[in-house]
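Report on the structure given below.
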Amino acid sequence: MSKRTKISELLQSTDYGKEVTAKGWVRTFRNNQFIAINDGSGINNLQAVVSLDFPDEPLLRRLTTGASVSVTGELVESLGKGQKVEIKVKTLEILGDCDAEKFPLQPKKHSLEFLREKAHLRFRTTTFAAVFKIRHVLAFAIHKFFNDKGFVYMHTPIITASDAEGAGEMFKVTTLPFDATPRDEAGKVDFREDFFGKATNLTVSGQLEAELGAMAFGEVYTFGPTFRAENSNTARHAAEFWMIEPEVAFNDLGDNMQLAEDMLKYVIRYALDACPHEIEFLKTRLLEEEKQKPLDERSELDLHAKLQFCLEHEFQRLTYTEAIEILKNSNHNKKKKFKYIIESWGADLQSEHERYLVEKHFKKPVILTDYPKDIKAFYMRQNDDGKTVRAMDILFPGIGEIIGGSQREERLEQLEQRMKEMHIPAEELYWYLDTRRFGTVPHAGFGLGFERLIMFVTGMGNIRDVIPFPRTPKNAEF
RNA sequence: UCCCUGGUAGCUCAGCUGGUUAGAGCACAUGACUGUUAAUCAUGGGGUCGCUGGUUCGAGCCCAGCCCGGGGAGCCA
């Protein structure tokens, strides 16, 4: 038997008459004659043609959707319309049978919800093959972007003892027995007995550690799993997700915004270049899906045009204060179409307000800066007005917040003051404060939600469909 | 966690104001046909109507609780 050639390679070949071998999984077997085979090398299938006088009838019966096969035969120009080349089957081997009665995937359209319950098999569908290929390509593009710029990839801890950040509820990490936890003198759980000798959790952010690295390497980024035990039940939250957190010494908020915009545009362009077939397929899929919707709910741009548009336009930059003015004076607000009417400065923006700015008013990605300090984290640099901090949120159409970041407070006194006001225990974060004690510099960074980026590039509407085995409240299957 | 909405065959769905044996398409099985693109045609098998309890002569349909999904909100990436 000849060596296997990848299907993506065969589909581009013009070596007609050459004997080749392909291996893969049967997508469908039509007409007792045409096998559509996919091996994961691309989203397009190879058509293998069995002649009508093929001697082994029982073997053909085993060509069910999902079965794994090896076919050897002559590569020929296709007589049919849907493909350029095909294989005339000489020998056919079933590598693994697949009982069609029990195999859940059928050659038909399945709902995303159904496939989510079959997450172990859904890679075998064209949609998820495209989504997860793009996930890979985006991850690679992120590393390439930062590496090319001279950033150091830093692995921050996944188990952490600091719960001082207040970035959300945390998952506890412990080896203590649940039914007989050791107690201290006051009757509280005695974590001195625990594996690490203190209470530990899964990380909610690598930012504070990344800042330490930035104080030596100048430019670092993290890219790793992040955990939030929030009981969030939305299409854009997961309990386990991946986050990219660059941190750059000597950068101010303006540099930070530029880095974020450059990075997003770079990786989106990279995906467009590396996965044209996948994006084309997902675009068509979305258009089909939108045909079910009423006209006014359909998107103005298709997936490809949306990505292209995002590359060609500057992100709109404005301050929180300017955003409030726009919202306050909008007809939407005057006609009381917002559920939460914008009245005064200082309130946090609701999703509906962010959506209005991005989707209705500017119609492109928006970077909001200089939020009131009371609605932002302790480590953000205070502005001279005494009211706002150098924060930035990048809002994307359909996704909402894709990036949250800031210039960090590098002045020890101001940082300690802010921590006191917000009841952050300074003793526990002595190591963080040391960066401000020993050669502090202005610096800035941000966090990019990786899955939200994938959602934007693939057009998928639910975070559960862009991570292979999603963890959400009440769901840790597989 | 809150509001809205849904759960009927392997899948996607229909099922009227509560009424006799719960339907369709696809999938599957059998047969036919053959250059098909989710092939087509014929025949056939297939149901704890999410779970538990209640109302009723009678519940897929009404009521309560619970479980799970979807949309929106909060928290945020």
Side-chain angles (χ1 to χ4, degrees), chain A residues 27-36 44-53 61 64-66 76 78-83 86 88 99-118 125-126 165-169 204-207 222-245 260 288 292-293 297 339-340 348-355 375-377 393-396 399-405 446-456 461-467 472-475 477:
Chain A
R27 284 292 171 82
T28 134
F29 181 41
R30 285 183 295 267
N31 234 2
N32 218 25
Q33 199 179 356
F34 303 102
I35 322 168
N44 294 316
N45 302 330
L46 175 73
Q47 173 157 292
V49 186
V50 182
S51 76
L52 288 168
D53 50 12
R61 284 173 186 279
T64 54
T65 300
V76 296
S78 178
L79 295 170
K81 283 194 186 106
Q83 57 285 316
E86 60 192 26
K88 261 170 88 174
D99 185 343
E101 191 109 26
K102 292 183 183 139
F103 188 57
L105 304 184
Q106 300 163 10
K108 62 169 275 187
K109 200 168 161 42
H110 288 291
S111 68
L112 296 175
E113 292 81 14
F114 170 72
L115 292 169
R116 207 174 290 156
E117 288 171 11
K118 314 280 178 231
T125 66
T126 313
E165 243 193 287
E169 286 294 309
V204 292
S205 163
Q207 179 201 318
T222 74
F223 188 168
T226 311
F227 307 88
R228 304 269 166 96
E230 296 290 345
N231 189 10
S232 294
N233 292 288
T234 80
R236 48 186 190 287
H237 289 87
E240 175 181 305
F241 62 100
W242 286 63
M243 192 152 65
I244 294 104
E245 296 177 290
E288 289 292 321
Q292 319 282 328
K293 292 187 186 169
E297 280 177 34
K339 201 170 156 203
Y340 295 89
D348 208 350
L349 298 178
Q350 306 289 321
S351 290
E352 56 174 347
H353 304 134
E354 295 181 350
R355 283 238 293 275
I375 58 174
K376 288 292 179 185
D393 282 1
I394 301 188
L395 311 175
F396 262 37
I399 311 290
E401 187 178 342
I402 195 167
I403 279 179
F446 59 84
L448 165 70
F450 186 48
E451 282 75 14
R452 291 189 182 172
L453 172 67
I454 304 167
M455 287 171 75
F456 182 72
N462 196 311
I463 197 167
R464 297 169 177 89
D465 295 329
V466 300
I467 186 164
T472 51
K474 302 277 182 279
N475 181 10
E477 193 69 26

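Each chain gets a letter, A, B and so on, in the order the sequences are listed, and its residues count up from 1.
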Rounded distance in Å between the C1' positions of G46(B) and A29(B): 11 Å
What's the CZ-C1' distance between Phe114(A) and G10(B), to the nearest Å? 7 Å
Side-chain-base donor-acceptor pair under 3.5 Å for Gln33(A) and U37(B): no
Paired with G65(B): which nucleotide, if any, by Watson-Crick or G-U wobble criteria at under 3.5 Å for both distances? C51(B)
Would you classify Ala36(A) as touching base, sugar-phosphate or nothing, given that sugar-phosphate means primed atoms plus P, OP1 and OP2, and contacts are heavy atoms under 4.0 Å? nothing
On the side chain of His237(A), is there an atom forming a donor-acceptor pair with the base of C76(B) - under 3.5 Å, no angle test? yes
Side-chain N or O of Ser78(A) closer than 4.0 Å to phosphate OP1/OP2 of G35(B): no
Report which part of the nucleic acid Glu86(A) touches: base, sugar-phosphate, or nothing (heavy-atom distance under 4.0 Å, all strands). base
Aromatic-base stack, Phe34(A) on A39(B), cutoff 5.5 Å, angle under 30: no
Could you tell me whether Gln47(A) contacts a base, only the sugar-phosphate backbone, or nothing, with contacts defined as non-hydrogen atoms closer than 4.0 Å? base
Test your reading of the model: is there a side-chain donor-acceptor pair from Glu240(A) to the backbone of Phe227(A), 3.5 Å cut-off? no
Looking at the side chain of Leu79(A), which of A77(B), G35(B), A73(B) is the nearest nucleotide? G35(B)
Are OP1 or OP2 of C75(B) and a side-chain N or O of Thr234(A) less than 4.0 angstrom apart? no
Could you tell me whether Gly449(A) contacts a base, only the sugar-phosphate backbone, or nothing, with contacts defined as non-hydrogen atoms closer than 4.0 Å? sugar-phosphate
According to the Watson-Crick and G-U wobble definitions, with both distances under 3.5 Å, which nucleotide is paired to G31(B)? C41(B)
Across the strands shown, which category fits Ile403(A) at heavy-atom distances under 4.0 angstrom: base, sugar-phosphate, nothing? sugar-phosphate
Please pick, from U34(B), U12(B), U37(B), the nucleotide with the shortest atom-to-atom distance to any side-chain atom of Ser111(A). U12(B)
Under 4.0 Å, heavy atoms only, any strand: does Lys339(A) hit a base, just the sugar-phosphate, or nothing? nothing
So, is Gln350(A) close to the A73(B) phosphate, meaning a side-chain N or O under 4.0 Å from OP1 or OP2? no
Closest to the Gln83(A) side chain, choosing from G35(B), A77(B), U34(B): G35(B)
Please state whether the phosphate of A39(B), meaning OP1 or OP2, lies under 4.0 angstrom from any side-chain nitrogen or oxygen of Arg30(A). yes
Against the side chain of Arg355(A), the closest entry in A73(B), A77(B), C11(B) is A73(B)
Re A24(B): Watson-Crick or G-U wobble partner, both distances kept under 3.5 Å, found to be U12(B)
Is there a donor-acceptor pair closer than 3.5 Å between any side-chain N or O of Glu354(A) and the backbone N or O of Gly400(A)? no
Atom P, compared across G69(B) and G31(B): separation rounded to whole Å: 42 Å
To the nearest angstrom, the CG-C1' distance between Asn32(A) and A29(B) comes to 15 Å
Identify whether any heavy atom of Ile402(A) sits under 4.0 Å from a base atom; if not, whether one sits that close to sugar-phosphate; answer base, sugar-phosphate or nothing. sugar-phosphate
Tell me whether the side-chain N/O atoms of Ser232(A) come closer than 4.0 Å to OP1 or OP2 in C76(B). no
Nearest heavy-atom neighbours spanning Arg236(A) and Ile399(A): CD-O, 3.4 Å
Considering only C75(B), U34(B), U37(B), which nucleotide approaches the side chain of Asp348(A) most closely? C75(B)
Starting from P on A29(B), measure out to CD on Glu101(A) and report it in whole angstrom. 7 Å
Counterpart base for A73(B), defined by Watson-Crick or G-U wobble contacts under 3.5 Å: U1(B)
Under 3.5 Å, is there any donor-acceptor pair linking the side chain of Asn45(A) to the base of U37(B)? no
Closest listed nucleotide, where the reference is the side chain of Tyr340(A) and the choices are A73(B), A39(B), G35(B): A73(B)
Taking every non-hydrogen atom, the tightest pair across Trp242(A) and Glu451(A): N-OE1, 3.0 Å
Heavy atoms only, 4.0 Å cut-off, all strands: where does Glu113(A) land among base, sugar-phosphate and nothing? sugar-phosphate
Taking 4.0 Å as the cut-off, does a side-chain nitrogen or oxygen of Arg236(A) come that near to OP1 or OP2 on G71(B)? no
Does G31(B) have its OP1 or OP2 closer than 4.0 Å to a side-chain nitrogen or oxygen of Arg61(A)? yes
Has Asn231(A) got a side-chain N or O lying under 4.0 Å from the OP1 or OP2 atom of U1(B)? yes
Out of C28(B), G35(B), A27(B), minimum distance to the side chain of Ala100(A) belongs to C28(B)
Look at all strands and tell whether Gly404(A) reaches a base, only sugar-phosphate, or nothing, counting heavy atoms closer than 4.0 Å. sugar-phosphate
